[in-house]
Amino acid sequence: MKFLVCISNVPDTTTKISFTDGKALNSTGVQFIINPYDEMALTRALEIKEAAGGTVTVINVGAANTEPTLRKALAIGADDAIRVNTEPTDAYLVAHQIAEVAKKNNYDVILTGRESIDYNSGQVATMLAEMLNLPCITVATKLEIASNEATLEREIDGGKEVLTSSLPFVASAQKGMAEPRIPNMRGIMAARTKPLQVLEATGDEKLTSSVAYELPPAKQAVKLISKDNVADLVNLLHTEAKVI
Amino acid sequence: MVLVFAENWDGKFKKSTYEAVSYAAEIAKMIGGNCVAVTIGNVSDGDAKQLGKYGASKVLSVKNDKLNGLVSQAYSSVIAQAAQSIGAKAVVISYTYTGKSIAGRLAVKLKAGLAAGASALPSSANPFTVRKKCFSGKGLTDVVITSEIKVVALNPNSYQVNATGADAVVENFNATLNDTDFKVQSKEIKKTSGKIALTEAELVVSAGRGLKAPENWTMVEQLATELGAATACSKPVADVGWRPHHEHVGQTGITIAPNLYIAIGISGAIQHLAGVSSSKVIVAINSDAEAPFFKAADYGIVGDAFEIVPKLIEEVKKLKAHNN
Ligand SMILES: Cc1cc2nc3c(=O)[nH]c(=O)nc-3n(C[C@H](O)[C@H](O)[C@H](O)COP(=O)(O)OP(=O)(O)OC[C@H]3O[C@@H](n4cnc5c(N)ncnc54)[C@H](O)[C@@H]3O)c2cc1C
Ligand SMILES: Nc1ncnc2c1ncn2[C@@H]1O[C@H](COP(=O)(O)O)[C@@H](O)[C@H]1O
């Protein structure tokens, strides 16, 4: 079973976000990590590989500064890594780069995260699937593979759906897929010598661009209500906030 | 022309569909042409016609037994065909789970840039600029779509429903279905039945580790029932099995944007806030006056949940009795 897991390089979840001149993320002091959903996808790929054999390749579309994140994926257990050398400024561009790599290798399963926690878009999986003309199961919470058929569970509005798909396919991982693993010392050592291939980008077509950033308007200070006047809270919610 | 995908659930529309149609009708005013809706599946003509109220001049109704379930791949193909048939320059869908399963595919089919998770009307039609949240609600960004056709996926609960129009004309639309669009087979649908679905709820009551034990959720559920709210929880509570995983909100759980979010005994960690900070009104109840949730909340009570929640239930009951 050949897996390709798409890894997005994102600010750590505790990062306090600020922007430089409203034009870009201020990355001073920001720690970058593997996008949490991608880590779940990676772990599930490793679990299946360990049980049934195969390889797990990780791919990132990004500049050289994302390599520590790819090394971390190798330390967790991926066999090899690919970096496509271009700034990931548009989902179409990213999906196209990954599709070009996928066309040259016969992956059985391509996994992404449900969304990247920087742009929160959740576009890459379905775009990639369309470019490769493959089925795609989004926001998947479970994945099992047996004799060339995959069984997945995905979130749908108002519940969950169990589905089967032929291979190859694309799926985007949601919580539930697997519990992320913490890399151990042996993994970290091994990661240093695992292959990390750098490819040049194919084409540079973009369909969107993020032109400005700002912080959400500051919240007004909280209105505190005494614990002895719970009725006041209910009144405020009814008459002032008008939400109940 | 603007096409809007009017999503239905078992043949019925929900508020997010009306939001999307109202939003698409506004975009049609900005870029010119009409707003046309497309429905897929078993929507009655009577219901379809109603979309006119929200601004659709015409409804293309696609009925085919193969499309009764959510076949994401086929749905995106049908919507793309509808868009091409009317020469749509913009396509609007709701960014529900259904929307998430089709948006990117639809955009690639139309060679269109996609603004996924839009939270407001475009601030300008040329360049076509749409605002959306980024960094899990910690930032906002303006996305410019540079392609000729634009796809906008609108976040539920972020645009006002506008119901001032008249009935729409309903027409059958025959889309060509492709066998390769049916490679995924649905085996079972597990509905979170009976209760109010968290992602659609307008009111949410949520609790965290401060509640100390699973049996203490009785009062949380009671408050939710009195309010007509859905229940949610913090991650650690779902991790230890006190609450089901589908209730976990936050960075790694679900993201919600209800009108009211009541957080009981939840500290307000940044990863938790990432999933709820877009709520219109936030109430925090916490025994620790220094709990970070108070910085994100609109209203707060410092005190013991075991004392406050029962009182809150009583007061809500009184309010409801008074209003009836
Ligand atoms: C990568 C990553 C992702 C994460 N994703 C999520 C996520 O998606 N969602 C999420 O929720 N968390 C997430 N977390 C965990 C998050 O950091 C916090 O640990 C978690 O939200 C804390 O849950 P809590 O507030 O219920 O518990 P605690 O932090 O233990 O807080 C309990 C609160 O209850 C209060 N309290 C205690 N007793 C009472 C009482 N009697 N009455 C009233 N108040 C009381 C306390 O003062 C305290 O503020 C994530 C963490 C990481 C590292
Ligand atoms: N630059 C990138 N390189 C590789 N994979 C990516 C990149 N950006 C996004 N992805 C993948 O696509 C998923 C969805 O990302 P997005 O569409 O940006 O929300 C992520 O969880 C990743 O798996």
Side-chain angles (χ1 to χ4, degrees), chain A residues 11 13-14 17 19 36 91-92 95 117-127 129-131 133 135-139 155-166 175-176 206-216 219 222-225 227 230-231 233-234 236-238 241 243-244, chain B residues 9 70 73 96-98 100-101 103-105 107-109 112-114 116-117 133-136 138-147 183-192 197 227 245 251-253 259-260 270-271 280-281 294 296-303 308 311-312 315-316 319:
Chain A
T13 55
T14 54
I17 298 296
F19 300 108
Y92 182 88
I117 63 165
D118 50 3
Y119 291 94
N120 309 111
S121 292
Q123 309 184 24
V124 170
T126 48
M127 285 187 171
E130 180 64 23
M131 290 168 183
N133 195 19
C136 182
I137 298 88
T138 44
V139 202
E155 291 194 352
I156 55 172
D157 297 289
K160 291 199 169 170
E161 183 176 24
V162 181
L163 315 129
T164 55
S165 175
S166 55
K175 190 181 155 13
K206 290 177 55 176
L207 304 178
T208 65
S209 67
S210 270
V211 293
Y213 297 87
E214 63 180 66
L215 296 176
K219 268 243 170 217
V222 61
K223 253 191 204 177
L224 286 181
I225 293 127
K227 67 180 167 54
V230 175
L233 174 66
V234 174
L236 285 167
L237 292 177
H238 182 58
V243 286
I244 60 173
Chain B
W9 290 266
L70 168 59
Q73 201 165 345
T96 53
Y97 284 120
T98 304
K100 285 176 188 177
S101 77
R105 215 182 253 288
V108 170
K109 280 186 194 290
L114 165 63
K133 296 194 184 92
C134 58
F135 301 102
S136 307
K138 289 186 261 179
L140 297 166
T141 180
D142 288 327
V143 179
V144 169
I145 304 181
T146 48
S147 52
K183 281 190 193 157
V184 175
Q185 241 125 47
S186 176
K187 294 289 162 190
E188 188 191 349
I189 292 190
K190 304 177 184 170
K191 282 197 185 158
T192 21
L227 285 166
H245 263 298
Q251 185 93 69
T252 43
N259 290 336
L260 174 63
I270 200 157
Q271 297 94 349
K280 298 222 166 76
V281 174
F294 288 118
D298 301 280
Y299 301 98
I301 301 186
V302 179
I308 294 162
K311 284 191 199 164
L312 200 49
E315 293 303 331
V316 171
L319 177 78

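FYI, side chains are in, hydrogens and waters are out, and symmetry mates aren't considered; it's all heavy atoms of this structure.
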**Q** Do B:Gln251 and A:Ile117 come within less than 4.5 Å of each other through their side chains, counting heavy atoms only?
**A**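 They are in contact (side-chain heavy atoms under 4.5 Å apart), so the answer is yes.
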**Q** Find the one option among B:Ala297, B:Gly117, B:Gly303 whose heavy-atom pairs under 4.5 Å with chain A are most numerous.
**A**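 Heavy-atom pair counts peak at B:Ala297.
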**Q** Out of B:Thr146, B:Ile189, B:Ile270, B:Leu140, which one racks up the most heavy-atom pairs below 4.5 Å with chain A?
**A**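 Top count of heavy-atom pairs under 4.5 Å with chain A: B:Leu140.
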**Q** Check whether B:Leu227 gets within reach of chain A through its side chain, its backbone, both or neither, counting any heavy atom under 4.5 Å.
**A**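 When you check distances to chain A, only side chain atoms of B:Leu227 fall under 4.5 Å.
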**Q** Side chain, backbone, both or neither: which part of A:Val211 has a non-hydrogen atom closer than 4.5 Å to chain B?
**A**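 Both backbone and side chain.
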**Q** Sort A:Pro36 into side chain, backbone, both or neither according to what part of it lies under 4.5 angstrom from a heavy atom of chain B.
**A**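 The answer is the side chain of A:Pro36.
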**Q** A:Leu237 versus chain B, heavy atoms under 4.5 Å apart: side chain, backbone, both or neither?
**A**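 For A:Leu237, the contact with chain B is made by the side chain alone.
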**Q** Using non-hydrogen atoms and a 4.5 Å limit, figure out which bit of A:Leu215 sits close to chain B: side chain, backbone, both or neither.
**A**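 Answer is both: backbone and side chain atoms of A:Leu215 are under 4.5 Å from chain B.
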**Q** For each of A:Gly122, A:Gly159, A:Pro135, tally heavy-atom pairs with chain B at distances under 4.5 Å, and name the one with the top tally.
**A**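 Counting heavy-atom pairs under 4.5 Å, the top option is A:Pro135.
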**Q** Looking at B:Val143, is its backbone amide N or carbonyl O close enough to the side chain of A:Ser210 to form a donor-acceptor pair, meaning the two atoms are under 3.5 Å apart?
**A**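 No, the answer is negative, given that no donor and acceptor are paired below the 3.5 Å cut-off.
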**Q** In terms of heavy-atom proximity below 4.5 Å to chain B, should A:Ser165 be classed as side chain, backbone, both, or neither?
**A**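 Backbone plus side chain of A:Ser165, per the 4.5 Å heavy-atom cut-off to chain B.
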**Q** Examine distances only and state if a side-chain atom of A:Asn120 and a backbone atom of B:Phe135 form a donor-acceptor pair shorter than 3.5 Å.
**A**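 It does hold such a pair.
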**Q** Which of the residues B:Ala112, B:Cys134, B:Ala296 is involved in the greatest number of heavy-atom pairs with chain A at under 4.5 angstrom?
**A**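 It is B:Cys134.
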**Q** For the interface with chain B, which of A:Ile137, A:Leu224, A:Asn133 has the highest count of heavy-atom pairs at distances below 4.5 Å?
**A**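 Option with the greatest count: A:Leu224.
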**Q** Just verifying a value: how many Å separate A:Glu161 CD and B:Lys191 NZ, rounded to the nearest 0.5 Å?
**A**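 So the gap between those two atoms works out to 11.0 Å.
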**Q** So which of A:Glu214, A:His238, A:Lys206 has the largest heavy-atom pair count under 4.5 angstrom toward chain B?
**A**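 The answer is A:Glu214.
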**Q** Chain A heavy atoms under 4.5 Å from B:Ile301: which part of the residue, side chain, backbone, both or neither?
**A**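 Both backbone and side chain.
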**Q** Does the A:Thr208 side chain pair with the main chain of B:Val144, one donor and one acceptor, at a distance under 3.5 Å?
**A**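 No, the answer is negative, given that no donor and acceptor are paired below the 3.5 Å cut-off.
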**Q** Only pairs of heavy atoms separated by less than 4.5 Å count here; which of A:Val139, A:Asp157, A:Val124 has the most with chain B?
**A**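 Winner by heavy-atom pair count: A:Asp157.
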**Q** Do A:Val230 and B:Ile308 have side chains that approach each other closer than 4.5 Å (heavy atoms only, starting at C-beta)?
**A**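 A:Val230 vs B:Ile308: side chains touch.
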**Q** Going by heavy atoms in the side chains, are A:Val234 and B:Lys311 under 4.5 Å from each other?
**A**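 With C-beta onward as the side chain, the pair stays apart.
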**Q** Which heavy atom of A:Ala129 sits nearest a heavy atom of B:Arg105, and at what distance?
**A**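 So the minimum-distance heavy-atom pair works out to CB-NH2, 3.4 Å.
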**Q** How long is the straight-line distance from CG of B:Leu114 back to OG1 of A:Thr126, given to the nearest 0.5 Å?
**A**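 Separation between the atoms: 7.5 Å.
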**Q** Which distance, rounded to the nearest 0.5 Å, do you find between the CD1 of A:Ile156 and the OG1 of B:Thr98?
**A**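 Reported value, rounded in 0.5 Å steps: 7.5 Å.
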**Q** Identify, with sequence neighbours excluded, every residue that meets salt bridge (charged side-chain N to carboxylate O under 4.0 Å, His left out) alongside B:Lys190.
**A**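 Applying salt bridge (charged side-chain N to carboxylate O under 4.0 Å, His left out) to B:Lys190 gives A:Glu153.
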**Q** Tell me, do B:Gln271 and A:Thr14 make a side-chain contact under 4.5 Å, heavy atoms counted?
**A**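 Heavy-atom side-chain distance check passes, below 4.5 Å.
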**Q** I'd like to know which of B:Lys133, B:Lys280, B:Lys183 tops the heavy-atom pair count under 4.5 Å against chain A.
**A**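 Sorted descending by pairs with chain A, the first entry is B:Lys183.
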**Q** Looking at OH of A:Tyr213 and NZ of B:Lys138, how far apart are the two atoms once the value is rounded to the nearest 0.5 Å?
**A**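 Separation between the atoms: 15.0 Å.
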**Q** For B:Val108 and A:Glu130, which heavy atoms make the closest approach, and how far apart are they?
**A**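 It is CG1-CG, 3.5 Å.
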**Q** Can you measure from OH (B:Tyr299) to CG (A:Leu233) and round to the nearest 0.5 angstrom?
**A**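 CG of A:Leu233 is found 8.5 Å from OH of B:Tyr299.
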**Q** So for A:Ala91, is it side chain, backbone, both, or neither that comes closer than 4.5 Å to the heavy atoms of chain B?
**A**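 No part of it gets close to chain B.
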**Q** State the OH-CD1 distance between A:Tyr92 and B:Ile145, to the nearest 0.5 angstrom.
**A**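 One gets 14.0 Å once the value is rounded to the nearest 0.5 Å.
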**Q** Side chain, backbone, both or neither: which part of A:Lys219 has a heavy atom under 4.5 Å from chain B?
**A**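 The side chain, not the backbone.
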**Q** Sort B:Ala107 into side chain, backbone, both or neither according to what part of it lies under 4.5 angstrom from a heavy atom of chain A.
**A**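 When you check distances to chain A, only side chain atoms of B:Ala107 fall under 4.5 Å.
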**Q** Less than 4.5 Å to any heavy atom of chain A: does that hold for the side chain of B:Val281, its backbone, both, or neither?
**A**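 Contact with chain A is through the side chain of B:Val281 alone.
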